[in-house]
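Here is the structure we will look at, set down as structure tokens.
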Amino acid sequence: MSRLLVFGLGYTASRIARRLAGDGWHVVGTSRDGRDGTIRFDDAAAVMTEIAAATHILSSVPPEHDADPVLARYGSALLRTRAWLGYLSSTGVYGDAGGAWVDETAPIGGGRRSARAAADADWLAIGARTFRLPGIYGPGRSPLDRVREGKAHRIDQPGQVFSRAHVDDIGAGVIAAFDAPAGAYNLADDVPASQNDVVAFAAALLGLPAPPFVTIEQLSAMGRGFYAENRRVANGKAKRVLRWTPTWPDYRAGLRALSAMTSPAPASTAPATASVDQ
């Protein structure tokens with residue numbers, strides 16, 4: 001039986017774990033406190049037992065205090081394992097590209113993500129597949145939710161673009177990499193876009209006005225850092241090597257699908273309306 005050990009059952013890793021468990025895999029995850037049937041991260045004996053038994057190991061744990069907690073505590077065991085290794089990294093490792101395209105050959109380590117870049121490089125060094133992820137959205141975590149909750153905003157910053165990926169497209173890419181060589185893979189959709197356009201489209205799907213503009217100065221430090229970077233993330237390697245294609249190739253397709261999941265079915269067929277994105 002295939003056995004997956006997941007370090008850190010966050011939003012994306014949890015969906016991957018549920019998908020594989022549904023396919024008959026034995027799946028075990030760690031958490032800080034051992035909640036909900038997980039293994040406590042610092043229970044070394046239990047974790048070492050699972051490392052020894054695993055056929056696949058995936059980490060979604062971000063750096064802490066400029067170090068990767070998983071490698072710091074269990075790196076020697078991971079070096080010895082024959083299991084497939086994967087790490088959920090971030091396209092933030094590329095830093096600001098001034099709106100240019102970046103692929104896996106681009107240098108990493110610039111900008112505000114130096115610790116993440118170091119962790120990415122360290123996982124690559126032990127033979128892992130590192131998945132560099134852009135803005136992640138999906139059920140319960142999308143611009144639709146932020147618009148509904150009144151938490152969305154727009155920034156007047158022409159030329160600013162970001163890449164995104166639906167959480168289940170990321171899961172499909174990770175699973176496709178089970179049979180792929182070690183290395184870095186960008187898992188992003190095909191159409192980088194302005195955050196303003198995405199938020200306005202989400203509002204239109206909900207029949208709500210687009211949220212107001214705010215200034216950079218009104219954002220948190222994290223938000224200001226987010227808008228300090230501008231890049232387009234290329235996914236050609238993942239398509240070529242993993243034979244992966246995103247089911248939702250752009251934010252419009254992804255948000256329409258999410259909207260359809262949550263919108264009530266009409267009692268009768270509504271008249272046709274003009275498209276909002278010709």
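No experiment lies behind these values; they were computed from the predicted model shown. Worth knowing before you read on, the calculation uses all heavy atoms, side chains too, and leaves out hydrogens, waters and symmetry mates.
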Does any part of the side chain of [Y], heavy atoms only, come nearer than 4.5 Å to the side chain of [X], both counted from C-beta?
X      : Y      : value
Lys239 : Tyr185 : no
Leu255 : Pro143 : yes
Val233 : Arg132 : no
Val6   : Thr38  : no
Asp68  : Asp122 : no

Report summary line: With sequence neighbours left out, the residues meeting side chain to side chain contact (heavy atoms under 4.5 Å, CB included) with Asp179 are none
Approximate separation, where rounding is to 0.5 Å, of [X] [atom1] and [Y] [atom2]:
X      : Y      : atom1 : atom2 : value
Thr91  : Asn235 : OG1   : CG    : 12.0 Å
Asp250 : Ser163 : CG    : OG    : 12.0 Å
Asp96  : Tyr227 : CG    : OH    : 14.5 Å
Ile155 : Leu219 : CD1   : CG    : 4.0 Å
Arg146 : His153 : CZ    : NE2   : 8.5 Å
Thr130 : Asp120 : OG1   : CG    : 4.0 Å

Do [X] and [Y] share a hydrophobic cluster, counting only Ile, Leu, Val, Met, Phe, Trp and Tyr and linking them when any side-chain heavy atoms are less than 4.5 Å apart?
X      : Y      : value
Val191 : Val199 : no
Trp248 : Leu258 : yes
Val167 : Ile175 : yes
Leu187 : Phe162 : no

Taking [Y]'s backbone N and O only, do any of them form a donor-acceptor pair with [X]'s side chain (distance below 3.5 Å, no angle check)?
X      : Y      : result
Lys237 : Thr105 : no
Asn186 : Ala234 : yes
Arg231 : Gly95  : yes
Thr55  : Ala83  : no

**Report entry** Under-4.0 Å salt bridge between Asp33 and Arg35
**Finding:** yes
Query - Residues that, via side-chain heavy atoms closer than 4.5 angstrom, fall in one hydrophobic cluster with Ile126 - result: Leu5, Phe7, Val28, Ile39, Phe41, Val47, Met48, Ile51, Ile57, Val61, Val70, Leu71, Tyr74, Leu78, Leu79, Leu85, Tyr87, Trp123
List the residues meeting ring pair (Phe, Tyr, Trp, His ring centres under 6.0 Å) with [X], not counting sequence neighbours, and say none if there are none.
X      : result
Tyr137 : His166
His56  : Trp25, Trp84, Phe178
Tyr251 : Phe201

Sequence-distant partners of [X], side-chain hydrogen bond (donor to acceptor under 3.5 Å, both in side chains), two or more places apart:
X      : answer
Arg32  : Glu64
Asn230 : none
Arg129 : none

Taking all heavy atoms of [X] and all of [Y], pick out the closest pair and write down the distance.
X      : Y      : answer
Ala13  : Ser60  : CB-OG, 3.7 Å
Ile16  : Gly171 : CG1-CA, 3.7 Å
Ala253 : Pro249 : CB-CD, 4.2 Å
Leu9   : Gly29  : CD1-CA, 3.7 Å
Ala21  : Val27  : N-CG2, 3.9 Å
Ala128 : Ala182 : O-CB, 3.6 Å

**Report entry** Derivation of the side chain to side chain contact (heavy atoms under 4.5 Å, CB included) call for Leu133 and Leu88
**Finding:** CA-CA 7 Å; Leu133 309 180; Leu88 301 186; 4.1 Å; yes
Query raised in the report: According to the salt bridge (Lys or Arg N to Asp or Glu O under 4.0 Å) rule, which pairs have a member within residues 49-60, sequence neighbours left out?
Result: Arg3-Glu50
Expected list for residues 203-216: side-chain donor-acceptor pairs under 3.5 angstrom, two or more places apart:
unit_1, atom_1, unit_2, atom_2, d
Thr215, OG1, Gln218, N, 3.4
Thr215, OG1, Gln218, OE1, 3.2

Report summary line: Sorted by chain and residue number, the salt bridge (charged side-chain N to carboxylate O under 4.0 Å, His left out) partners of Asp156 (sequence neighbours excluded) come out as none
**Report entry** Pairs where residues 4-20 contributes a residue and the test side chain to side chain donor-acceptor pair (under 3.5 Å) is met, not counting sequence neighbours
**Finding:** Arg15-Asp168
